[in-house]
A.B. asks: 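Here's a structure for you.
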Amino acid sequence: MSAQAEKLDVSVWRGDSDGAYQTFQVPAYESQTILDVVSWIQQYADPTLTYRFACRVGMCGSCAMMVNGRPRWTCRTHIKTVVKDGAVQIGPLRNLPVIKDLAADMDPFFDKWVAAGGVHAPSGSRYDPIEPVDPAGPERTEASAGIECINCSVCYAACDTVAGNADYLGPAALQRAWTLYNDAKHDARESILDAVSGTGGCHNCHSMGSCTVYCPNELDPMSAIAGLKRETAKNFFRKRG
Amino acid sequence: MTQAIDRHETDILILGTGGAGLFAALHAQQSAPPGTKITIAVKGLIGKCGCTRMVQGGYNVALGGGDTVERHFMDTIHGGKWLPDQDMAWRLCEQAVVRITELENEIGCFFDRNPDGSLHQKAFAGQTADRTVHKGDLTGIEIINRLMEQVLSRPLEKLQEHRAVGLIPTADGSALAGVLMIDMRTGRFRFVRAKTVLMATGGGPTMYKYHTPSGDKTMDGLAMALRAGLPLRDMEMVQFHPTGLLAGDHSRMTGTVLEEGLRGAGGQLLNAAGHRFMYDYDGLGERATRDVVSRGIYAEMRKNNDPEQKGMFISMAHLGPENVRQKFSGMVKRCADSGFDLAGGLVEVVPTAHYFMGGVVVDVDTRTALEGLYVAGEDAGGAHGSNRLGGNGVANSTVYGGIAGDVMGADIRHMGALREPDETVLSAEVDRAMRPLKQKPALVQPLRNQLQEAMWEDVGVMRTASGLTRGLGRIREVGAELLQTGVASDNLAFNLTWHDWLNLASLCEVSEVITKAALQRENSRGAHFREDFPGEGSIEESYFTVARCSETGVDVTREDVQFTVVKPGETILPEGEPETLVAAQ
Amino acid sequence: MRPSRAHPLWLAFVLHRVSGVALALFLPVHFWVLSYALTQPEKLDRFLSFADQPLVKIAEFGLVFLLAVHLAGGLRLMAMEWLPWSGPQKSLAAGAVGAALLLSGAFFLQVISV
Amino acid sequence: MLDLRLYMAQRISALIMAPLTLGHIAVMIWAVQGGLSAGEILGRTQGSVFWFLFYGTFVAAVSVHAAIGLRVIVYEHVGISGKTLTALTWAVFAVLIAMGARAVWAVTAGAGGA
Ligand SMILES: Cc1cc2nc3c(=O)[nH]c(=O)nc-3n(C[C@H](O)[C@H](O)[C@H](O)COP(=O)(O)OP(=O)(O)OC[C@H]3O[C@@H](n4cnc5c(N)ncnc54)[C@H](O)[C@@H]3O)c2cc1C
Ligand code: HEM
Ligand code: SF4
Ligand code: F3S
Ligand code: FES
């Protein structure tokens, strides 16, 4: 194959938030993901390049980066889908502090996950029987819709509300809260509505939908957040009524 | 150059955040006296690295409906070809029942249900009952995400992107004082003293050219244990998954798993000539067990001898591309992302190193020979013997992780003060980790490739004495060259190449042990196949291998398997129980 | 670095925001003009005849259009948030309201240009 | 910078405005058919309790609505927060309601029966 002779112009972010892009020539191959391109630079061109990955197959959500200005999982994105005129630009995930080069600090993302009430509160113990759950029931169906989130933060990086509003909990955390709100096993369902009603809560979402459009797992945080808005609004009248 | 070491203290230290590490943290918090400080340290981000997250098929547990703990146990012993430590296997099967209930009721996992609301269970190969609980084919994500939330929301100390590099004993060598780590983000050394340490770094046979585990797993734990003088067992037992994706040497996608279900559903394996070859090797064709299919593919690849076309092909199209797309949507998408058409075309596959059965010798309470050190999960040996059943891996890590947490929380009550480390060992470990920084910089990756080639060719799916001996030489060559290979030291913050070097050092150390253990086992059991000793040997006189570091290097000895629960030829199932409860396909 | 976000929902958001701001800027002007009615009715008249000019008509239309767009967008949003509809129904409803308002806007323009 | 209270205030005010806006546009369309003049407008509205309530409600609602809307935009794009932001919100509200009240007064107070 002649592809071996082809080169890609890959510019990658270097340094922390004050860094700059640096361009490398990377050999093109037939089956090559963005992560492969980044790895090649570190392994063969500049050993100091920093990035993060683990599973290589879209399960761990640690490899997300900005690719040509758009957040993506890099291990599952074929380079051909993003190269424009033989070039591609790769940066650290938006809306999070940059640690170094392509590695972002994901702590704020997870702090908000917890702050949104995204932690299961047990209503039973390991010694109780496993309760039956109707897999097709409306609650379980609603709860299951967002369960496959891999917390990759792609939606968080895509959302302009997060960019402008440091307190905003963000789509993934709120989606998790919505799942728990619909989970019959969760013992703190009412307190979730309080957790998502503060200054950084679900009401800040402008339904701009970038979360849903860019989620690599085809999840729909926007609708989950709408669900939270609906339930909190209902509750608002209930409390007053 | 020298570097200052940060000194840090805690009561309970947990290394790794897979199923074992996270469960240990939760259980330790429940069982330890109030005020106990618990620290969790991990090479990546909490819950986002390791293999538990990658579990697809599911979790083995006997939950009635005819299935029993006894039956699960017997399947585990048969699967492991009578080599498992029977007490460990028993505890695994028995406690899995509690652990799955805990995952469902306390941790809040969603598992797939039957229409009547009960847990859905299916049968993996080698099981005689529908036993595997799952969440679609993304079971691991569900388990780890839920555990991760629990851990993140608790007041535990979290040391993320901290890599353990050495176990530091007390001066008299009788106990563990603490663990030397590198804070990867800054590149600084940090020595963490603790009364108890759980090692749950998850093994990971990534020294093979084709491998499935996550990139962060490089046998660091077993290498550290070896250097600390601990005995390791069953080190020759590397499980290969028959169908890893082959996407070229330059792609990290290469080696990742194409799920077992593809073959179960009728997927065919073809060679370059289009011949469906598996029936040449086994009457069950593609549905034979993992080890048999892996060997079939490997043998066919060897026959082929075409450097341009290395793997075999899996073909699903005869089942109807639309049908395949629907039934295996995740797999089809994944293949499509890297440019392959699984539903309608051919995808090139190779056997890929998947799981490591070997590990540190522990008792059923996860204690080791070194006071203060506990080991659980894939790092611990014994529960699986020569072969791990699909679905027993995550059960093992969650069961024993929880036990480790309970035991550490209890043991810490009679551990007074923190122990003083042997400062000479500490500085030796620092020097070891800093060695590349003093050498002339060169590329590390070609050496890793070299090791992976050697292991694949000489210590892989099929082994011979001469191949293993040659492999040993090649491993040592890589190891020696690594010692001369440097890493530029001007910026150690998040310096992945330095960590690549350290990864490769661990892999070389453990590769040598695997090879020596494989030489020591002169028969073929489970995952270990010797072409020069194809028989399984006497089951009654089954032995397992034990490797230890000595003055002269690594020694491997044999020890007799103790049949503490069931003897070969016998069963603990009640008389008249059917051999299998799974309807024949 | 700006991600490329030009997808329909995002554009709807931008449109809604821009129309909201434009309305918020226009509104005080509008109030100011009206309040002339209190003291100087003749000035209002002058303004209204000034408003007969084509350019101003277009501006007026623009404002009605903005109002229509913002109203449609707002109703779409609230429908999406509060009504337990499925996805396609939501966009359909939004489309319907949007179309209705564009129509009324166009109608308005026609009427005032008589 | 929106909590449930502000959110509800913004949505409720929007819901109130929606029919009023549609009504206003309808009236305008109808009104222009006879050619718009200050006298005509005022003739219809002055002294009418109905129009006083109609436009009064609109002004109250829009002041709340736009103040909250601008608050969000200022926070997200300018980064002003805390007390300053609250002060700004109230200021916008105050300006709008004052100007709006003046306009409503101008248009609906005075001679004529209901
Ligand atoms: C693709 C795939 C599919 C699988 N499917 C199944 C299945 O369906 N059913 C089943 O039962 N089993 C399955 N397994 C096996 C199963 O994943 C493992 O048996 C099990 O999860 C291991 O758990 P663990 O906690 O021991 O290790 P892991 O989950 O691998 O965690 C190891 C942790 O240690 C950390 N670590 C490593 N080195 C260091 C260091 N030096 N310092 C600090 N931290 C370190 C890692 O970063 C990670 O956090 C699968 C494995 C793979 C790879
Ligand atoms: C006519 C009926 C109206 C409806 C149904 C309506 C509806 C809405 C809704 C639902 C929002 C929230 C948008 C979000 O959270 O992203 C909003 C925002 C806004 N509205 Fe209105 N509105 C109306 C009229 C007006 C008027 C007359 C003005 C001008 C004075 C106005 C100014 C704004 C502003 C400035 C915002 C903030 C926009 C943003 O946050 O992006 N609205 N409107
Ligand atoms: S919702 Fe989607 S994009 Fe957001 S974190 Fe989860 S998987 Fe990633
Ligand atoms: S992109 Fe942001 S604004 Fe809402 S719909 Fe998604 S969270
Ligand atoms: S490396 Fe795990 S999702 Fe990409």
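Letters A, B, ... are given to chains in the order of the sequence lines, protein chains preceding strands, and every chain is numbered from 1. Values below: every heavy atom of this structure, side chains too, minus hydrogens, waters and symmetry copies.
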A.B. asks: Between A:Gly209 and C:Leu9, which heavy-atom pair has the shortest distance, and what is it?
C.D. replies: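 Answer, listing the atom of A:Gly209 first, then C:Leu9: CA-CD1, 4.1 Å.
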A.B. asks: Using a cut-off of under 4.5 Å for heavy-atom pairs, which of A:Ala233, A:Ser207, A:Gly227 has the most such pairs with chain C?
C.D. replies: A:Ser207
A.B. asks: Under a 4.5 Å cut-off applied to non-hydrogen side-chain atoms, are C:His16 and A:His206 in contact?
C.D. replies: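 Not in contact.
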A.B. asks: Only counting residues at least two apart or in another chain, list the ones meeting side-chain hydrogen bond (donor to acceptor under 3.5 Å, both in side chains) with A:Ser197.
C.D. replies: none
A.B. asks: Between CE of C:Met78 and NZ of A:Lys229, what distance do you get to the nearest 0.5 Å?
C.D. replies: 11.5 Å
A.B. asks: So how far is it from A:Cys202 SG to C:Glu81 CD, rounded to the nearest 0.5 Å?
C.D. replies: 8.5 Å
A.B. asks: According to side chain to side chain contact (heavy atoms under 4.5 Å, CB included), who are the partners of C:Val14, at least two apart in sequence or on a separate chain?
C.D. replies: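 Expected list: C:Trp10, C:Val18.
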